[in-house]
Amino acid sequence: MSNLDRLAEPVRRWIWQQQWTKLRDVQEKAIPAVLAGGDVVVSAKTAAGKTEAAILPLLTRVLGREEREAAGFAILWVSPLKALINDQFSRMEALCETCSVPLHRWHGDVSASAKKRARERPSGVVLITPESLEATLVRRGREAGRLFGDLDAIVVDELHAFIGSERGMQLQSILTRIEVAAGRERIDRIGLSATLGDMWLAAEALRPGGGDRVTLVDGLDPGNGVRLQIRGYEIARSRPLPEDGKAGPTNDEAEEAKDSSTPTETEAPLVPKPVADDLFRLLRGRSNLLFAGSRDRVEVYADTLRAMCEDQRLPNEFFPHHGNLSKAEREDVETRLRDDPRPTTAVATTTLELGIDIGDVDGVAQIGPGSSVASMRQRLGRSGRRAGKPSVLRIFAVEDAIGPGGSPVDRLHLDLVQSIAMVECLKDGWCEPPSIGGLHLSTLIHQILAVICQTGGIRPTTAWRLLCERGPFRTVDRALFVELLRGIAAPDVRLVEQSPEGLLMIGEEGEHVTATHDFYAVFATPEEYRIVHGSRTLGTKPMDQTIAPGQTMIFAGRRWRIVEVDDRARVVTVKPAKKALPPAFGGDWAGAHDRIVETMRAVLAGEETYAYLDATAEKLLADAREAWRDLALATTPILSSGRGVVLFPWVGTRKLETLALALMARDFVASVDGHVIEVDDAHPKAVAEVLAEMAASPPPDPQPIVDRVAKPVRAKFDGFLPKGLMDLVTAIERLDVASVPEVAARLVGSRD
DNA sequence: GACCTGCTGCGGCGTG
C-alpha cells in the first residue's frame with residue numbers, strides 16, 4: 001500500500017489534481033519518517049522530488065493539529081538562495097491554497113509591506129533566507145517567542161550547501177537561538193540534501209551533537225547511465241598568454257584604430273584553436289553547460305565561441321553565466337535554457353551547479369579537472385534527466401607540447417592525470433567530505449554581537465552556554481570564549497563592553513558594525529565597481545585591480561572599452577569595442593584533497609588503460625608515464641632542477657603548503673606550484689638532510705610556520721581577533737602541522 | 001590555479 005493514504009485529505013486532493021499516478025521513491029520513504037516526528041535528512045539528487053517529499057507530510061501534520069489560541073508560523077523553510085525561494089514559492093502556492101495554509105516569501109527582494117503583514121499575523125509556511133532570519137532576531141528579538149513559539153518543524157533546504165561553511169555555522173546557531181527564544185526543548189528539523197559520501201555528516205550538520213538520532217531517508221536513483229570522455233589536446237605554445245589586466249591599452253586614437261585590426265599571426269589565441277574548433281563542433285546546435293573553471297575563462301570561452309558564430313554568420317548560442325554578471329544578464333541565459341527551443345550553451349562557473357531550475361541539458365563539458373569530485377558529480381547530474389537519456393560529460397584536458405628535455409613537472413601532464421584521478425574517484429563512489437572542525441571565531445564574534453542585540457544584553461556564561469555548549473561552536477571551551485571576549489572588549493577594539501551588572505553590551509565600534517545592513521551576512525564581500533553600458537548594468541568587478549579609461553575588457557561575453565570611471569559612485573561606464581582583453585577577477589586556489597593526489601601518483605605509476613580517454617589523451621598519458629620512469633620518480637621524489645630542487649610528496653594541497661612553510665621556517669626559499677614544492681638555490685642533499693630530520697622528529701613548533709602564512713585575515717571579522725587567536729585559527733583551519741613528519745618521510749623514506 | 005551566497009529601517013518624493 002502506498003503511503004499516499006496517510007496524507008491529509010486536501011493534500012491528497014492536490015496530488016490528484018496534479019494527475020500523479022504514483023509517488024516517487026524518495027517521497028514514499030519520506031512520508032512515514034516525517035509523519036513520525038523527530039529529525040530527518042532526506043537525500044536524493046536534484047529534481048527527484050525532495051520538496052514534495054517534505055512539504056506533503058508536513059502539511060498533513062499542520063492540518064492535523066488542533067486549533068490553538070496563540071498564532072505563530074507553523075513551518076520555517078530556510079533556503080540559501082533568493083532564486084530558490086522564488087522557485088519553491090511557485091511550486092507550493094496551489095498546494096498551500098488547497099490546504100488553506102498561508103504561504104509567505106521572506107527575503108531582501110520581497111516588499112517590506114508583505115514582510116510586515118507576515119510578521120503581524122504569523123501563520124502557515126514561511127520561506128526565508130538565513131540572513132532575513134538573522135535580521136528578524138537582531139531587530140525584533142522580543143517578538144521571537146510570538147513568531148516562532150508554535151513552530152511544528154524547521155526545514156533546511158540544500159543542507160549540503162551549508163555544511164562546514166561560515167553560513168552553515170550561522171544557520172545552526174540561529175536554529176538554536178530560535179529554540180531557546182521559543183522556550184522549546186527542541187523543534188523538529190528536516191534537512192533536504194544532495195547525496196554525500198558520508199550521510200552522517202549531513203545528520204550532524206542538521207543537529208550538531210545529535211546526528212546519531214537523525215532518521216536518514218535516501219531516495220533511489222535508477223539513472224540512465226553515464227557517457228564520459230576525457231579529450232586530450234597537445235598545444236605548442238609559441239608565446240605565453242597575455243598577463244591578465246596588466247596590458248590594458250591607453251586611451252588614444254591609435255588604440256581606437258587597433259580595435260578593428262585582426263590579431264597578428266604571432267599572437268597566441270586565448271583559447272587554442274583545436275580546442276575552440278572541437279567545442280564549437282560538439283556543442284553548437286544542442287543545449288549544453290560548459291564549465292570553464294573561473295570567471296575570466298568563462299568570459300574568454302564565451303567570447304571566442306560567440307565570435308566563431310559571427311564569423312560563420314550563424315546566430316549566437318553561447319552565453320556567459322557567473323556571479324559577477326547582473327541578475328538580468330543571468331536570468332536571460334537561464335530563461336533561454338529552460339523555455340526557449342533554440343539551442344543554447346551556458347558557459348558557466350559553479351553558478352549553474354546548484355538548484356536553479358534550468359531544465360535538462362543534452363551535455364556537460366568542462367575545461368580541466370575542475371575543483372572537486374563533488375562538483376564533478378553535481379555537474380554530471382545536470383544532464384541525462386529525461387527518460388532514456390544518459391548523462392554526458394566531456395572533460396577537455398589541454399596540455400603543453402613538451403619534449404624529453406622539458407621541465408620535469410610539465411612532462412607529467414598533471415592536469416590530464418588529475419582529471420583521470422578524479423574520474424576514478426568518482427567511479428569509486430567517493431567524493432570530498434565537507435571540511436568541518438574549524439574554530440570559526442569570526443562567525444562566533446558575529447553571533448555574540450547578534451545575541452546581544454537580540455536580548456538587549458546577556459551574561460558571558462549564558463552566551464557561552466547558548467552558542468558553544470548548546471549551539472554549534474563546540475570546539476570553543478570556556479577559557480577560549482573568555483579570551484575571545486577579552487579580545488573584542490579591548491580598549492582598541494570595543495566591539496563589546498560589560499555593564500556594571502556584568503551584562504555583555506554592544507561597544508562603541510560594535511554600534512557601527514551592527515547598525516549597517518551589511519551586518520546580517522557572516523561572509524565577507526569585496527568592494528566592487530558596477531559595469532554600466534547605457535542604462536543597463538552588465539555586472540560588477542572587484543576593485544583591487546587598477547581600472548582606467550581606455551582599457552578594454554571582455555565582459556558579459558562581449559567586448560568593451562572603458563569610457564569613464566567614477567570612483568565615488570563606483571561605476572565604470574563602457575562602450576562596445578571590436579577587440580578586448582580578458583577581465584581579471586583574481587581568486588584563491590582551494591586545492592586538491594589527499595585522496596585525489598594519491599590517486600594521481602597511482603595513475604602515473606600504474607599501467608592501467610582507461611576506456612574514456614581519446615587518442616590524444618592516451619598519447620599524453622603514455623608520455624607522462626614515460627617521464628615518470630625516466631625521472632625515476634617512484635624511488636626519487638626529490639629532483640634536482642636547474643639551481644634548485646623539486647619535491648614530489650604526492651599529498652593534498654593543505655599538507656603540501658604546510659611542508660613548504662615548514663621549509664621556509666628552516667630558511668629555504670620554498671613555494672608550492674600545483675602539486676609540487678619548488679626550492680630555489682638549494683642542493684638536493686641539503687634539503688634531504690632537513691627533511692630526514694623533520695621525518696624523525698615530532699611535529700615542529702607551529703608558530704614560525706604560522707608566521708609565514710601570507711594573508712591570515714580572511715573571514716569577515718578576523719580583523720577584530722587578537723594575534724594569538726588569529727594564529728590559532730590559521731593553524732587549525734589552514735595548516736596541518738601534525739602531518740609534517742609523515743610528509744617529510746614520504747620524501748626521504750624511500751631513498752634509504 | 002576557485003566559486004558562491006545575503007540585507008533593515010527610514011526619510012523623501014511622486015502617484016492614485
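Here is the naming used below: chain letters follow the sequence lines, and residue numbers restart at 1 for every chain. Computed from a predicted structure; not experimentally measured.
In this structure, A/Asn86 contributes its side chain and A/Ala83 its backbone to no donor-acceptor pair below 3.5 Å.
Among the heavy atoms of the strands lying under 4.0 Å from A/Arg330 are primed sugar atoms or P, OP1, OP2 only; no base atom is included. Counting non-hydrogen atoms under 4.0 angstrom, A/Arg167 reaches a base of the nucleic acid. Using a 4.0 Å heavy-atom criterion, one finds that A/Thr129 contacts the sugar-phosphate atoms exclusively. Within the nucleic acid shown, A/Thr525 comes within 4.0 Å of at least one base atom, counting heavy atoms only.
Distance, A/Leu81 CG to B/dC7 C1': 15 Å, rounded to whole Å. Here B/dG6 presents its P atom at 12 Å from CD of A/Glu158, a figure rounded to the nearest Å. Atom P of nucleotide B/dT5 and atom CG of A/Asn324 are separated by 9 Å, given to the nearest angstrom. Atom CD1 of A/Ile174 and atom P of B/dC7 are 11 Å apart (whole Å). Here B/dC7 presents its P atom at 13 Å from CG of A/Leu171, a figure rounded to the nearest Å. When the C1' atom of B/dT5 is taken as reference, atom OH of A/Tyr520 falls 18 Å away, rounded to whole Å. Atom-to-atom, CG of A/Asp109 to P of B/dC7 comes out at 7 Å; the value is rounded to the nearest Å.
Here the nucleotide nearest the side chain of A/Trp589, chosen from B/dT5, B/dG6, B/dG1, is B/dG1. When distances run from any side-chain atom of A/Lys115 to the nucleotides B/dT8, B/dG1, B/dC4, the shortest one goes to B/dT8. Between B/dG9, B/dT8, B/dC7, one nucleotide has an atom nearer to the side chain of A/Ala135 than all others, and that is B/dT8.
Checking A/Gly674 against A/His517, the closest nucleotide of DNA chain B that is more toward the 5' end is the one next to A/Gly674. Both A/Ala590 and A/Thr516 sit near DNA chain B, but only A/Ala590 has its closest nucleotide nearer the 5' end.
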Q. Can A/Val364 and A/Leu380 be said to form a side-chain contact (heavy atoms from CB on, under 4.5 Å), step by step?
A. CA-CA 7 Å; A/Val364 176; A/Leu380 207 54; over 6 Å; no
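Checking the phosphate oxygens (OP1, OP2) of B/dG9, a side-chain nitrogen or oxygen of A/Arg140 falls inside 4.0 Å.
Ring geometry for A/Phe585 against A/His322 counts as perpendicular: the plane angle is over 60°, on a 0 to 90° scale with 30° as the lower cut.
Residues A/Leu735 and A/Glu657 have side chains not in contact (no heavy-atom distance under 4.5 Å, counting atoms from C-beta outward).
Contact annotation: side chain of A/Asp673 to base of B/dG1, donor-acceptor pair absent below 3.5 Å.
Between A/Phe519 and B/dC7, no base-stacking contact is recorded for ring centres under 5.5 Å apart and planes less than 30° from parallel.
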